[in-house]
Amino acid sequence: MGPGPGVACAVTLNSALTPEQQRRFQDPLVIQRLLRGARTVAVVGLSTDPQRASWFVASYLQNAGYRVIPVNPKAAEILGEKCYPDLASIPEPVDLVDVFRPASECLAVARQAVAARAKALWLQLRLVKIEAAELAAEAGLDVVVDRCVKMEHGRYHGGLHFAGMNTEIITARRSRRG
Amino acid sequence: MALRVVRSANDPRKFGFETRMVHAGHIPDAETGARAVPIYQTTSFVFDDAEQAAQLFELKQYGNIYSRISNPTTAVLEERLASLECATGALATASGMAAQLVTFLTLLVPGDEIVASSQLYGGSITQLVHTLKKFSIGVRFVDPTKQDEWEAAITPQTKALYGETIGNPRGAVLDIARVAALAASKGIPLIVDNTMATPALCRPIEHGATLVVHSATKFIGGHGTALGGVLLDSGKFDFSRYPSIAAPSPAYHDLRFFDTFGHYGFLMKARAETLRDTGACLSPFNAFLLIQGLETLSLRMERQSASALRVARHLEAHREVAWVAYAGLPSHPDHALAKKYLPGGAGAVFSFGIKAASGPEGRARGRKFIEGLQLFSHLANIGDVRSLVIHPASTTHQQLSDEELSRGGVSPELIRLSIGLENVEDLLWDLDQALLAL
């Protein structure tokens, strides 16, 4: 259950980005389109520890109906899915590349995402590497920086609201079903 | 004529305060489309299946389990207040005292200290001195107007600073930006009690406060019908080096709240651990009543503050009145701070003293004055739509000697008013006739 289509509220809280960068890499309409359209999400840096943020996000996404593909060179299987050492090894198309690696590795991951023809690159909350974002955006990918996929899904599907958080969504339109 | 800029339908808009006051936090649900906020008067929520139940308990999914932890009606109040205070999120509690206690118990561990304003609401001071002592948490009080006192009171054990936007009953105004800068330089959060101002008059987070607490019982509810409290987080404080929020929590399978939930870490811990364990939750029906009040907050605060200024001016000029302590008056020592932090009005609560009435005579004349009033309700609350009055020396503080009263800033002749929505001429008439009868 989430807000009706076309929600266009300014979502600006909790980001290290400048207003201009927020407009480019945190566009609420791009985020909503990605969450609606993506089916396969490669989680780069997914941990084997169930108490890490990456596990919280990946298990949430699985539960929300997304196919999660773990990218972790040190593990064989996470959350019941086969692990791959890098994006190039994944033998199927990837819609969204969600990154949980340090900023210093983001440029390399962005290049891999472009080479693997992924449709979108998403650098997680507090992970800011504008060069990586620029590189992916120039190659035609949708790019999100310094946001959490789970929080954004929760923002538009009611979950974040139930936790008492400020979704910044203001609308008089009725929620849509499902 | 100015050119009107035509915006595209998809241009994100930042909505104004009044719009958020009636809309934020509530989207009409898909099932019924109910426009008013429904009251979810239920203790518990059915799980989809065993797997979902387990994930909810592990905080790996969002959703409701039990109304002690979260409830859909309460969530509307929480998100709406978060929106109005420019906070990242909120947690509603059974009362303002509960909001304050949940904040402290989430942040502090035995051995920690808090530095607090001596001008806080009396109930807050009692909680800090006596109840926190039982948890081996220390408190040092400072004159909130003296920056050097704040600074001198901070020790390596100090884990938070605590002040109030407008002190009760003497109306001291906190220099939020200055104290917030001090807190930031020490790497500790500043907590501000914003009960007396409400977000309609002042938003402490915009001036650098980390956390905000409220007694929603007062102006937020506004009608004297429901108790409630709320704590809010700016989401801007770096808790990564603050052990109680960052370290693995033994109360939640070693979960690291800041690492896992980022800017929601403090609030998630406050909800999943402190509210769970103290049980100080808000009832959904009270949440509904507080939401009804919130929808007219700015209108009430504007009118009640304007009437309070009018009444304060009238009393200041009255021959039976010795003094008036209202930060909206130029005679108040914090008038300049009120102009900076409270440009829309200095609130609706203030105190004054009846002339030539010190010692026992002061207490007697204060009692006589209150008994002579016809419209002001004599009770121990503030923030109602009805005007309220209390004489602390003969009620809430009657066990204290004159010396103890003055140490707490409460002189024997002090009378506190909370101005409501009555016709202001009627209020002036009532005060005049009660003063005349002395």
Side-chain angles (χ1 to χ4, degrees), chain A residues 1-4 6-15 22-23 26-30 49-60 62-64 124-126 146-148 150-151 153-178, chain B residues 8-15 19-20 23-33 35 51-52 55 58-64 70-72 74-79 81-83 85-92 230 232 235-236 248 253-256 259-264 267-268 271:
Chain A
M1 201 168 79
V7 168
C9 300
V11 176
T12 58
L13 289 172
N14 309 119
S15 179
Q22 282 198 311
R23 205 158 46 243
Q26 297 180 345
D27 183 337
L29 295 172
V30 169
D49 177 356
Q51 290 297 66
R52 297 310 299 261
S54 59
W55 179 291
F56 273 67
V57 170
S59 64
Y60 175 91
Q62 256 188 352
N63 212 280
Q124 275 285 328
L125 193 66
R126 287 177 285 167
D146 193 26
R147 287 276 179 230
C148 170
K150 178 189 172 188
M151 288 174 189
H153 189 274
R155 185 192 304 277
Y156 296 107
H157 290 78
L160 202 57
H161 161 74
F162 283 137
M165 302 311 175
N166 185 359
T167 63
E168 298 182 79
I169 298 172
I170 308 289
T171 179
R173 294 187 198 186
R174 189 168 175 165
S175 301
R176 56 168 181 265
R177 288 165 197 272
Chain B
S8 83
N10 284 342
D11 193 7
R13 179 161 179 87
K14 206 146 179 77
F15 290 101
T19 304
R20 288 179 284 130
H23 284 287
H26 181 226
I27 300 173
D29 70 87
E31 210 58 53
T32 69
R35 180 60 276 189
E51 174 62 20
Q52 190 231 5
Q55 292 197 347
E58 288 173 12
L59 302 178
K60 288 185 172 124
Q61 273 198 52
Y62 302 111
N64 297 296
S70 68
N71 172 282
T74 308
V76 174
L77 177 69
E78 289 167 336
E79 185 175 348
L81 276 167
S83 176
E85 282 282 16
C86 302
T88 199
L91 176 65
V230 69
L232 302 113
K236 290 175 185 160
H253 344 282
D254 287 339
L255 186 62
R256 279 166 293 201
D259 186 51
T260 307
F261 298 111
H263 50 271
Y264 299 139
L267 284 169
M268 289 299 283
R271 185 182 297 278

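Heavy atoms only: backbone and side chains are in, while hydrogens, waters and symmetry mates are out.
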For the interface with chain A, which of [options] has the highest count of heavy-atom pairs at distances below 4.5 Å?
options: B:G33, B:G235, B:A92; answer: B:G33
options: B:R35, B:H253, B:H263; answer: B:H263
options: B:T260, B:L59, B:L255, B:T88; answer: B:T88
options: B:E51, B:K14, B:E58, B:H26; answer: B:K14
options: B:L81, B:L232, B:T19, B:V76; answer: B:V76

State, to 0.1 Å, how close [X] and [Y] come at their nearest heavy-atom pair, and which atoms those are.
X: B:K60; Y: A:S59; value: CD-OG, 3.9 Å
X: A:A172; Y: B:P28; value: O-CG, 3.8 Å
X: B:H23; Y: A:T171; value: ND1-O, 4.5 Å
X: A:A53; Y: B:D259; value: CB-O, 3.9 Å
X: A:S175; Y: B:I27; value: OG-CG2, 3.5 Å

Which one of A:D27, A:N14, A:L125, A:L13 has the most heavy-atom pairs closer than 4.5 Å to chain B? A:N14

State, with a plain yes or no, whether a side-chain heavy atom of A:R52 is found less than 4.5 Å away from one of B:R256.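 Contact flag for A:R52/B:R256 side chains = yes.
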
Taking the side chain as everything from C-beta on, heavy atoms only, tell me whether A:E168 gets closer than 4.5 Å to B:R20. no

To the closest 0.5 Å, what do you measure between [atom1] ([X]) and [atom2] ([Y])?
X: A:K150; Y: B:Y62; atom1: NZ; atom2: OH; answer: 4.5 Å
X: A:N63; Y: B:Q52; atom1: CG; atom2: CD; answer: 7.5 Å
X: B:E78; Y: A:N166; atom1: CD; atom2: CG; answer: 12.0 Å

Interchain contact, B:F15 with chain A, by part (heavy-atom threshold 4.5 Å):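 Only the side chain of B:F15 comes within 4.5 Å of chain A.
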
Proximity breakdown for B:A87 and chain A, heavy-atom pairs closer than 4.5 Å: backbone

Walk me through it: do B:E79 and A:L160 pass the test side chain to side chain contact (heavy atoms under 4.5 Å, CB included)? CA-CA 10 Å; B:E79 185 175 348; A:L160 202 57; over 6 Å; no

Take B:Q55 and A:Y60 through the test side chain to side chain contact (heavy atoms under 4.5 Å, CB included) and record every step on the way to the result. CA-CA 9 Å; B:Q55 292 197 347; A:Y60 175 91; over 6 Å; no

